[in-house]
Amino acid sequence: MKTQVAIIGAGPSGLLLGQLLHRQGIDNVIVERRSGEYVLSRIRAGVLEQGMVNLLREAGVDQRMDKEGLPHDGFELVFDNRRVRVALDELTGGSKVMVYGQTEVTRDLMEARAAAGATTLYEAENVQPHDLDSDSPYLTFEHNGETVRLDCDYIAGCDGYHGVSRQAIPQDRIKEFEKVYPFGWLGMLSDTPPVSNELIYARHERGFSLCSMRSATRSRYYLQVPLDEKVEDWSDERFWEELKRRLPEEVAAKLVTGPSIEKSIAPLRSYVVEPMQHGRLFLVGDAAHIVPPTGAKGLNLAASDVNTLYRLMVKVYEEGRTDLIERYSQTCLKRIWKAERFSWWMTSMLHNFSDEEDFNSRMQLAELDYVTSSKAGMTTIAENYVGLPYESLE
């Protein structure tokens, strides 16, 4: 097999990159080690920045998003018995976010790729990149019992933190930066109406909580829990009771409870690898960086990498601008580190790091009090939440 761009990973970033490239006439093949059904079963983020919404429109996969997605022009911060609304549109000159689940984004992209007749090879085993330093890199993998070689010009590693792409780069060529947080998020999905029509981020002495949603009839809630907690120890009843304790009384009174569809615990960490490229291999999304979910930046950062790589490939194939290739990593990292900062800041400000009142907890309340009583502070939150502008390669 031969293609121009080989994409490892059929999650939303790999599919979005493939769709954008296809619409520009740049041939690509996606190789995914899991089945399509497994990819769709992953419960992930649901808040899309304005930049990602625009990119999905450019990819031609915006019809269902515009019909079923929920545009949000604000969210709430709850702390110290106070409720403060962050008016995103007013503070940013009209920018909003879109609540539309990652599963739905993935489904839309899968359907668009199938309709276009582009190639995606699911359940490909033992995927390995080769000759990354040469002008003729290639992938090898096993598919339907046969060993396959896929020759290409470039490789996009969209296969996540545990994928093979980053591992293909020699360790002495990269530097890793990581911060691990001493807690996780217990998330629960339920077919119940959301407690509020906007997201609520709540700091509480018992721990952080988040009230989110996937649609007008499907809710997603999160609780901060110790890292040693086990999902099986959390019945639905225990989850709902704990969530009510962490919310203002008037919010808890409106909470509609019901059976869970899914429950899981995710550890929180910040992670970045530099550089994000090696020869003809480019790392995209979670293959290169992880953020704690507090800032709603994970999927959006992946989309920003896709935007950069897509624009780069168009320049290379349409204008011969191979001189821009070396700028991919530094262009992506400018925006990544700003998003890492925002996600770290929101996490540090809203979570409990100790069971006792201490200096850190007083600093959290002082920080929240300051930023919510200052227009400059509120603007900072809003600008980062809706997403900073995409960086240019030139």
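- One distance of note links OH of Y221 with OG of S212; it measures 9.0 Å at 0.5 Å rounding.
- A side-chain donor-acceptor contact under 3.5 Å links D358 to the backbone of N360.
- Rounding to the nearest 0.5 Å places CZ of R335 at 7.5 Å from CG of N300.
- For the pair R149 and Y138, the cation-pi criterion (under 6.0 Å, within 45° of the ring axis) is fulfilled.
- Ion pairing of K263 with D236 is present here, as a side-chain N (NZ or NE/NH1/NH2) and a carboxylate O approach within less than 4.0 Å.
- Between atom CG of residue L299 and atom CD of residue E49 there is a gap of 9.0 Å, rounded to the nearest 0.5 Å.
- A distance-only check finds no donor-acceptor pair linking the side chain of Q4 to the backbone of Y154 [under 3.5 Å].
- In terms of hydrophobic clustering, with Ile, Leu, Val, Met, Phe, Trp and Tyr side chains grouped at heavy-atom distances under 4.5 Å, Y390 and L301 are assigned to a common cluster.
- When the shell of 6.0 Å around CD of Q63 is examined, it contains 12 or fewer heavy atoms from other residues, nucleotides or ligands.
- In this structure, the ring of F183 has its center less than 6.0 angstrom from the ring center of F353.
- For the pair K338 and F342, the NZ or CZ position fails the cation-pi test of under 6.0 Å to the six-membered ring centre and within 45 degrees of the ring normal.
- Note that the CG atom of D80 and the CD atom of Q364 stand 11.5 Å from one another [nearest 0.5 Å].
- A salt bridge is defined here as a Lys NZ or Arg NE, NH1 or NH2 lying under 4.0 Å from an Asp or Glu carboxylate O, and R220 with E262 meets this definition.
- A salt bridge links D73 with R85: the distance from a Lys NZ or Arg NE/NH1/NH2 to an Asp or Glu carboxylate oxygen falls below 4.0 Å.
- In terms of hydrophobic clustering, with Ile, Leu, Val, Met, Phe, Trp and Tyr side chains grouped at heavy-atom distances under 4.5 Å, V291 and M349 are assigned to different clusters.
- The side-chain heavy atoms of T106 and P12, taken from C-beta on, include a pair separated by under 4.5 Å.
- Criterion: ILVMFWY side-chain heavy atoms under 4.5 Å apart, direct or through other members. Under it, V86 and L388 are not part of a common hydrophobic cluster.
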Evaluate side chain to side chain contact (heavy atoms under 4.5 Å, CB included) for R82 paired with L368, printing each intermediate quantity in order.
CA-CA 10 Å; R82 292 172 55 192; L368 282 162; over 6 Å; no

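- Taking a cutoff of 4.0 Å between a charged side-chain nitrogen and a carboxylate oxygen, E242 and R246 qualify as a salt bridge.
- Looking at Q277, its side chain does come within 3.5 Å of a backbone N or O of S329 through a donor-acceptor pair.
- Between V306 and M52 there is no side-chain heavy-atom pair separated by less than 4.5 Å.
- Looking only at distances, no side-chain donor or acceptor of R33 sits under 3.5 Å from a matching main-chain atom of G163.
- The one candidate from V5, L16, L17 that meets the side-chain contact (heavy atoms from CB on, under 4.5 Å) condition with Y310 is L17.
- Taking the charged nitrogens against the carboxylate oxygens, R64 and E111 have no contact shorter than 4.0 Å, which rules out a salt bridge.
- Transitive grouping of hydrophobic side chains (ILVMFWY, heavy atoms separated by less than 4.5 Å) keeps M346 and I336 in distinct clusters.
- In this structure, the ring of Y181 has its center no less than 6.0 angstrom from the ring center of H351.
- Between E76 and R83 there is a salt bridge, with a side-chain nitrogen of the basic residue lying less than 4.0 Å from a carboxylate oxygen of the acidic one.
- For T3 (side chain) and D27 (main-chain N/O), a donor-acceptor pair under 3.5 Å exists by modelled atom type.
- A side-chain donor-acceptor contact under 3.5 Å links K297 to the backbone of N384.
- Residue Y38 is not grouped with residue L109 when hydrophobic side chains (ILVMFWY) are merged at heavy-atom distances under 4.5 angstrom, including chains of intermediate members.
- When side chains are defined from C-beta on, F79 counts as touching T372, because their heavy atoms get closer than 4.5 Å.
- Of the possible polar contacts, one joining the Q19 side chain to the A59 backbone as a donor-acceptor pair under 3.5 Å is found.
- Within the 4.5 Å cutoff, the side chain of D305 has no heavy atoms near those of the S13 side chain.
- Without hydrogens or angle criteria, S219 side chain to T192 main chain gives a donor-acceptor distance under 3.5 Å.
- In this structure, H143 and F141 have perpendicular ring planes: the angle between them is above 60°, well past the 30° mark.
- Between the CG atom in D153 and the OH atom in Y317 there is a gap of 3.5 Å [rounded to 0.5 Å].
- At least one donor-acceptor pair under 3.5 Å links the side chain of T92 to the backbone N or O of L88.
- Here the CG-CD distance, from N144 to E142, works out to 11.5 Å after rounding to the nearest 0.5 Å.
- For the pair R214 (side chain) and G101 (backbone), a donor-acceptor distance under 3.5 Å is absent.
- Counting only heavy atoms from C-beta outward, the side chains of V148 and V31 never approach each other to under 4.5 Å.
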